[in-house]
Amino acid sequence: MATFQPLPGFRDFYPEDFTRRRHIFRVWRQTANAFGFQEYDAPVLEQLELYTTKSGEEIEGQLFSFTDKGGREVALRPEMTPTVCRMVGARAGALKRPIKWFSVAEFYRYERAQKGRLRAFSQFNGDIFGEAGPEAEIELIALLIQCLAGFGLTKDDFYVRLSDRDLWFFYLEALGFNDEQSRTILSAVDRYEKMGDEAFKSYAEVHGAIDAALKERVLGFLKIKSLAELEAALAPFNSGKLTARLADWRKVLSGVAAMGLADFITVDLGVVRGLAYYTGFVFEAFDRKGDLRALAGGGRYNNLVKKLGGPDLPAVGFAIGDVTTGLLLEQRGLMPTFVSAPDLYAVIGGESERKAAFADIQALRAAGYRVEYPFKELAFGKQFKAAAESGAKLALIYGSEELAKSIVKIRDMSDRTEREVPRDQVLAAVRDALAGG
RNA sequence: GCGGUCAUAGCUCAGUUGGUUAGAGCACAAGAUUGUGAAUCUUGGGGUCGCGGGUUCGAGUCCCGUUGGCCGCCCCA
């Protein structure tokens, strides 16, 4: 029994695990590339203050943070948003707008692990900077959907819930709540799905019992599930802010619909997300069955770049996690089984034949072919068995009989046919044989 | 941070009311088989039964602690 294990919440990636992770990353990268996003990366370790500035001092309890040997307070990154804001902020003046960036990176959070949540996990992060209008949301929501649909997931497997923190604040303001009251109500809205009426308890404690009629209007609002309902709910108000937000909602929903993605998105004002820093649309992706944690989440954060020391730059972004995505793909049978097979397997007679084989093996590998051969001298029968098990398309036979004739025998492993080619034409013959198959 | 539950080979698991040297299948390796393939047979390596303590003549089995996994709560950037 091994004495040493990975730390809690951390994973080893044995080759078969690694191929699954690589598949996820590959789909994400291909999708982001198709959407015209540029990939970046950044240090795993950042100043602790980058995170406390964004999220408050309390966040430190959930970070892998420590003092380095130079006395700096540092933390392993728990998310990408502060980092990308720092990077974009530093060069905002020189970057062509809109700034469309993505990353695939590992993050670390000091939290108790549970289903779909580990202490080390990977995320796809996609962000758009420099676009204040809902065009950025359309682009990102489409990217999010395709980042999941790219695995073969359909509208029956997952969906995106769209909400809006600004709309909530404007609505609550129109109902007569002040800013502080609105914040308390929003945190209740955030929990309402889980807790029901209990969620409003803390509001009563701080601001006194909520007016029953107003509470009904809040509950009615959070249950809104369509644009039509939203329009109806806002009709009685004569507020320029609400009218403008409604126009943005129409733009986002019609844009997504025009891309043929309407079935993937639902209006759901019950989604607020805990974050104080979101400033407009927020969205989350969930599996339809609802037995997994959120697949992805994001929204608009127009104040953050400035808050972290950069220019005033509007921004929208989201992240997809690898853990929940992987669980969903396994659940739906969409995680392919990966076979890793060489192109060629060299069957080698003895030590003297090995020298000749090595020369060709190296030349073939330099040409890009994946070639394997047995390390130790083995009976031919064993070598053919090994060649078959490896999945190689061709076997190259370097026996004494072949080398005496200055030829190599090439055996097609699928139809068991063999042909002889002169030693100096092996590369061309291999190229020819593999091109056809 | 809190609660529940589990822990025997790389994997899936068996192991009787506590009883001698802890087993199987799969996987891995060798041989039967030194010029041609997924079969079969034989054999082998691999375990301080998560770790530590206690009870007992005797603990994989019972008790306590601890570490880790899983599930849930809090939180969820």
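Quick note on labels: first sequence line is chain A, next is B, and so on, each numbered from 1.
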Say we look at [N] and [M]: how far apart would their [atom1] atoms be, to the nearest angstrom?
N     : M     : atom1 : value
B:C64 : B:U55 : P     : 15 Å
B:A9  : B:G52 : P     : 16 Å
B:A22 : B:G60 : C1'   : 8 Å
B:U61 : B:C6  : C1'   : 16 Å
B:A32 : B:G69 : C1'   : 43 Å
B:C11 : B:C28 : C1'   : 12 Å
B:U66 : B:A27 : P     : 41 Å
B:A14 : B:C62 : P     : 14 Å

Sidechain-backbone polar pair: A:Arg365 side chain, A:Val371 backbone, donor-acceptor under 3.5 Å
yes
To the nearest Å, give me how far apart [atom1] ([X]) and [atom2] ([N]) are.
X        : N     : atom1 : atom2 : value
A:Arg112 : B:C76 : CZ    : P     : 18 Å
A:Arg165 : B:A77 : CZ    : P     : 11 Å
A:Arg293 : B:A77 : CZ    : C1'   : 12 Å
A:Ile59  : B:C75 : CD1   : P     : 13 Å
A:Glu57  : B:A77 : CD    : C1'   : 15 Å
A:Leu7   : B:G50 : CG    : P     : 21 Å
A:Leu118 : B:C76 : CG    : C1'   : 13 Å
A:Glu16  : B:C28 : CD    : P     : 12 Å

Pair pattern of RNA chain B in dot-bracket, where unpaired bases get dots and | marks partners in another strand, Watson-Crick or G-U under 3.5 angstrom
(((((((..((((.....[...)))).(((((.......))))).....(((((..]....))))))))))))....
For the atom pair [atom1] ([X]) and [atom2] ([Y]), what is the distance rounded to the nearest 0.5 Å?
X        : Y        : atom1 : atom2 : answer
A:Asp164 : A:Asp268 : CG    : CG    : 12.5 Å
A:Gln146 : A:Phe151 : CD    : CZ    : 10.5 Å
A:Arg29  : A:Cys147 : CZ    : SG    : 11.5 Å
A:Ser103 : A:Met80  : OG    : CE    : 3.5 Å

Assuming nearest nucleotide by heavy-atom distance, tell me which of A:Asp291 and A:Phe10 is located more 5' along RNA chain B.
A:Phe10
What do you reckon, is NZ of A:Lys201 surrounded by more than 12 foreign heavy atoms closer than 6.0 Å?
no
Ring pair (Phe, Tyr, Trp, His ring centres under 6.0 Å) with A:His23: of A:Trp28, A:Phe18, A:Phe338, only one passes, and it is A:Phe338
Among A:Phe129, A:Tyr40, A:Phe124, A:Phe37, ring pair (Phe, Tyr, Trp, His ring centres under 6.0 Å) partner for A:Trp101:
A:Tyr40
Counting the atoms with a prime plus P, OP1 and OP2 as sugar-phosphate, which does [X] contact under 4.0 Å by heavy atoms, base, sugar-phosphate, or nothing?
X        : answer
A:Pro8   : sugar-phosphate
A:Arg77  : nothing
A:Gly391 : nothing
A:Gln383 : nothing

Report yes or no: is there a donor-acceptor pair, N or O only, under 3.5 Å between the side chain of A:Arg117 and the base of B:C75?
yes
Apply the side chain to side chain contact (heavy atoms under 4.5 Å, CB included) test between A:Phe221 and each candidate in A:Leu172, A:Val189, A:Leu167; give the one that qualifies.
A:Leu167
May I ask you to say whether A:Arg354 pairs ionically with A:Glu351, meaning some side-chain N is under 4.0 Å from a carboxylate O?
yes
Side chain proximity check, A:Arg119 to A:Pro8, heavy atoms < 4.5 angstrom:
yes
Could you run down nucleotides 31-45 of chain B 5' to 3' and tag each one B, S or - for protein heavy-atom contact under 4.0 Å?
S--SBBBS-------
